[in-house]
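Below are the structure tokens for one structure; questions will follow.
In what follows, every heavy atom counts, from backbone to side chain, and hydrogens, waters and symmetry copies are set aside. In what follows, chains carry the letters A, B, and so on, assigned in the order in which the sequence lines appear, proteins first and then strands, with residues in each chain numbered from 1.
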Amino acid sequence: MSAPVLELRGVVKEFASGSEVLRVLDGVDLSIKAGETLAVAGPSGSGKSTLLGIMAGLERPTSGSVLRDGRDAARWSEDEAALWRRRRLGFVFQTFRLVPTLSALENASLPLELLGARPADAEEQAAALLGTLGLGGRLSHRPAQLSGGEQQRVAIARAYVHKPALILADEPTGSLDRATAERVLAALLELNARAGTALAVVTHDPAVAEALGRTARLERGRVAA
Amino acid sequence: MIDAAALLTRARETLNLLLAAIGALAGFCVVVGAVVTAGLVALGRDERAADAALERALGWTAAETARADAAELAALGALAGASAAAAAVGLGWAVARRLAVPFAADWREVLALFVAAAVLPVAVGLVAGAPARRAAVMDALRRE
Amino acid sequence: MRRLAWRLAWRQWPRFLFFAACLSLGTGFLVAVAHLLSATDRAVAARARDLLAGDVQVSSGRPFGAREEAAFSSALVPGRAATRATSFASMLSSAGRAPFLVSVKAVAPAYPLRGALVTEPKGGTALLGPGMALAERAIALQHGIKPGDKVRLGAIELTVAGLIDKEPDRGFAAFAFAPRLMIAAEDLPRTKLLGLGARTRFTWTLRLADAEDPAAASAALKKSLEAALPEPHLSIESWADSEPTIRDGLRRSALFFTVLSLAALLLGGAGLRAGLTLFLDAQAETMGLLRCLGASAAEVERLYSALCVGAGLLGGLGGSLLGWGVAALAGSQAPRFGVELLVRPDAAAFLEALGLSAALAWGLSAARVRALAARAPLDALRSAPPAPRGLLIAGWAAAAAAVLLAAWRRSGSAEDALKLSLALAGGALVVELLSRAALLGAEKLASRSASLSLPVRHGLRRLVRRPASSRVMLFTLAGGFALLAVVGTAREGLSRSLAPSRADNAPDLFLVDVQSAQLERARALAGRRSRGETVFAPLVRARLTLIDGRPVRREGAPRGADERERGRLRAREYNLTYADAPNPSETIVAGKFWAPGAGRAEASVEKGFLERAGLKLGSRLTFDVQGREVEAAVTSVREVEWAAMRPNFFVTLSPTCSPPRRRPGSAPSARAAPRTPPPCAPTSRALCPTSR
């Protein structure tokens, strides 16, 4: 049995608000292994985005431990967390977050370039992936020239291009219409199945949660089930 | 015997040449002002496009939107002209004192400078801001 | 990352072009000034040995005596050559033309020992001989005299043998009061002009042997001549002395251009900072995204710092090209003003422009870049946190240091650079405060003026709603126009002060070197022609020998421009006057002017001269006046309104100090400044013959 890619044990996150302390996460336990899918669901204000930040190493928990690839990451420096993200993590955002001045191909090859790949190799791999996502004819288009669904597929290609161990997706279909959302989700799951990557999706859409199978429901900072 | 008038004429000619060169250089400082105005108007394109789109969505005509732009730039120019005139009086007096010459403003020239200061930003700003006004209303609103 | 930086810059090239343009004009003019200064430095250095028309020169207002002749003989070892020249001002007349003032120089055939006397037709001094003269081209242009014409100088008639186009020791682009007339030395006695005691300069010039080291040998010879000839009326110069003085003078006159270049840089810098801030804020999301994808804060900071510095370098490159072009253009026009300037690409100036631009771009953006790069990635869409203070100060310090360095390199003096930068900062503060006040006024107007049409009100509101960019636009526009207006008022002020018809009581005719015997005739003549009071002031030539008992001339090598200027002012020859009271254009600003008839030896010194020469109230000055030692204490300091064009002097002595009367050649001559009636301007020429 392989070690979880990511494991959270008793994670607490508090924010100081004036003299009051606001506890957003209150002892969250969660783990995800290679090839698994996980939906993190919950109403607004339940702490989903904070949990995602801690999972990605963008925020530190107030207490509790975070294990990445079996290693305790609670004391990692900013730069160590950044290096882990670079090699092991892919990100998909609700509002796509593509670099507006770069083409679809350049956006998708960005993680490989950050890893030091030769630009030609990076673009070759990114072009292939974009091709499988049906964007073969849109490689040189800028984000402003693409539809919402196309932009999100470019973002998915960017998340998968460097073959990470874990994909974190924050409401990946939240900005899309139903039909487009379904196509995007299908693409996400297909790549996940093909690459054997762990996939964690933050969503408030029951249909998305259902498609992912396993769901961790956040309520008042705790995982309900 | 020295003909002072002839000598002064020569001195004035030499001085005028030097001052013309210095004046030309000062003119380039105005060019810097124009470049900065045009650049900042162009850099604020998204915000301006959103303003214009909102105004158009609320029923303003294209001419009214352009008039609001022109009014903004004319106000900028008028304020710049007034500030420049006030600064010129103070700094000019200080320079005249330093050079030990009478402080003597040619008021027609000052008026001409004020008019130029008021007109210049309107001209460069309207040109630099044209793409923002021409941006498709729906695109600009969607970007918001 | 490099590839990403390139892509980000390339895809947004208009922005980067704007950033570069902000810096290009300011750095461009600094580069132009640097090129022109180094071209003039080179021209001065190349002409340094020509500027004396020899290697070592001894000059005096008196004919050389036996002691000097002995020293000259012992200096003239085999291989060296020497020549003499005599110069003075006199009137030149020609049939059918009004007489005019010329600067006469009588030379021997060996003149010049260095450099070339360029004439038309060719030949230089070979064209001179008994009864022949060479006239500066200005004489031909202004008075229509051409080769072959007959002219009268004193008691002799001369034929103009040719026109002088270039005279090596005429000064570096000097402004001359009177054009040159060159005659053969053997004709000098026949002019009968020297006996009148006119201000005459006698020079002995020596050329070193070819085998001698020019710097060492001329310095050694100068030193030995100074030891052999300690008399203060003698001026001993070597070719190396003229170079730093001219260079300092040029640097000082280039200060105006430096100030305006730095002002352009300041305005551009304000625009650059605002532009970079807008650009970086717009990039906040991309920075956050890069952090999410695994780039560290340091990597993102490096990426965007590189972009900002790259924009600065682009500005420096543009400035270098622009400056080089302007300098080349100015260099091509320089011969019209009598200066040959060879403008060569100056790598140091280019590097300085690149460094200055890069330092400004980094300094003005560093704090913002760090703040945005270090922000938690998920905060990307939230407002930017305040900039970290340390880097903010470091950034501004880098920008200020770069500007100070540029000012220092142009002015050549740390003090001037600091003053200049402080003046600029003061001016910028005035403009900034006025701009803020104006914006505040606009805000009030927008909120209260219901009578304005909606678009106008809305336009005003927009201006107020974007205070950051509005303030910068206002600052740069107001700054540019204010500079233009200040130059306009300065020009107007200078024009007025130089316009004789407008200045109250300003004379337009000067009689100089009126001898004692001529005084009554000159007074009568001036009385007939003048529309007002004619002022005659006694004048003697003198040299400062001691200050508080310490010799002036034998100082060590000067350290820096200020000390050199002080040394030059102290060692030069002066016109002194004696008076019982200050004239109406003088104001006593310190001490007390002596009472009429007071018996003590006192001196009143002009304020600027006092400061520049390093004197103070109470200093004891010892002058050599025509061989007589005169000591006086500085008891008052005067401010002089030079524009009043009265006979004004740096140093006025109490009448107690005046020389005993009167023998030819040493008597004080008088300087008079009558005011001729305005309609009689042409008649001023009619006065000329009487002054001869």
Q. Is it the backbone or the side chain of Arg142(A) that comes under 4.5 Å from a heavy atom of chain C, or both, or neither?
A.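 It is the side chain, since no backbone atom gets that close.
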
(Q) Using a 6.0 Å cut-off, check whether atom CZ of Arg3(C) has over 12 heavy atoms from anything other than its own residue. (A)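 Above 12, so yes.
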
Q) Should we say atom NE2 of His141(A) is surrounded by more than 12 heavy atoms from elsewhere, each under 6.0 Å from it? A)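 More than 12 within 6.0 Å, yes.
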
Q. So what's closer than 4.5 Å to chain C heavy atoms on Glu59(A): side chain, backbone, both or neither?
A.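 Side chain only.
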
Q: Ignoring hydrogens and angles, tell me if any N or O in the side chain of Arg11(C) forms a donor-acceptor pair with the backbone of Thr101(A) under 3.5 Å.
A: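 Yes; at least one donor-acceptor contact below 3.5 Å.
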
Q) Is there a side-chain contact between Leu110(A) and Leu290(C), using heavy atoms and a 4.5 Å cut-off? A)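 Yes - at least one pair of side-chain heavy atoms lies under 4.5 Å apart.
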
Q.
If we define contacts as heavy-atom pairs under 4.5 Å, which of Ser49(A), Pro119(A), Pro100(A), Gly53(A) has the most with chain C?
A.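 Highest number of pairs under 4.5 Å: Pro119(A).
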
Q. Within the distance-only criterion (no hydrogens, no angle test), does the side chain of Arg85(A) pair as donor or acceptor with the backbone N or O of Arg291(C) below 3.5 angstrom?
A.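 Looks like yes, one N/O pair under 3.5 Å.
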
Q: Could you pull out the closest heavy-atom pair between Cys292(C) and Phe91(A), with the gap in Å?
A: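 For Cys292(C) versus Phe91(A), the nearest heavy atoms are O-CD1, 3.7 Å.
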
Q: Count the heavy atoms belonging to other residues, nucleotides or ligands that lie under 6.0 Å from CD of Glu14(A), then report whether that count exceeds 12.
A: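 More than 12 heavy atoms, drawn from other residues, nucleotides or ligands, come within 6.0 Å of this atom.
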
Q: Using a cut-off of 6.0 Å, state whether more than 12 heavy atoms not belonging to Arg273(C) lie near its atom CZ.
A: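 Counting neighbours around CZ of Arg273(C), 12 or fewer heavy atoms of other residues, nucleotides or ligands fall under 6.0 Å, so no.
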
Q: Report the distance from atom CG of Leu293(C) to atom CZ of Arg97(A), rounding to the nearest 0.5 Å.
A: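 Result: 12.0 Å between the selected atoms.
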
**Q.** Non-hydrogen side-chain atoms of Arg7(C) and Val99(A) separated by less than 4.5 Å
**A.**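 In short, these two side chains do not touch, never coming nearer than 4.5 Å.
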
(Q) side-chain contact (heavy atoms from CB on, under 4.5 Å) for Ser296(C) and Leu83(A)? Distances and angles first, verdict last. (A) CA-CA 8 Å; Ser296(C) 67; Leu83(A) 276 175; over 6 Å; no

Q. Using a cut-off of under 4.5 Å for heavy-atom pairs, which of Leu102(A), Leu89(A), Leu52(A), Leu115(A) has the most such pairs with chain C?
A.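 The option with the most such pairs is Leu102(A).
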
Q. Where on Gln283(C) is there a heavy atom nearer than 4.5 Å to chain A: the side chain, the backbone, both, or neither?
A.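 Nothing of Gln283(C), per the 4.5 Å heavy-atom cut-off to chain A.
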
(Q) With side-chain contact (heavy atoms from CB on, under 4.5 Å) as the criterion, how do Thr95(A) and Glu285(C) come out once you've worked through the C-alpha distance, each side chain's angles and the decisive distance to 0.1 Å? (A) CA-CA 11 Å; Thr95(A) 49; Glu285(C) 194 183 317; 5.8 Å; no

Q) Given a strict heavy-atom distance threshold of 4.5 Å, which part of Arg88(A) is in contact with chain C: side chain, backbone, both, or neither? A)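 Contact with chain C involves no heavy atom of Arg88(A) at all.
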
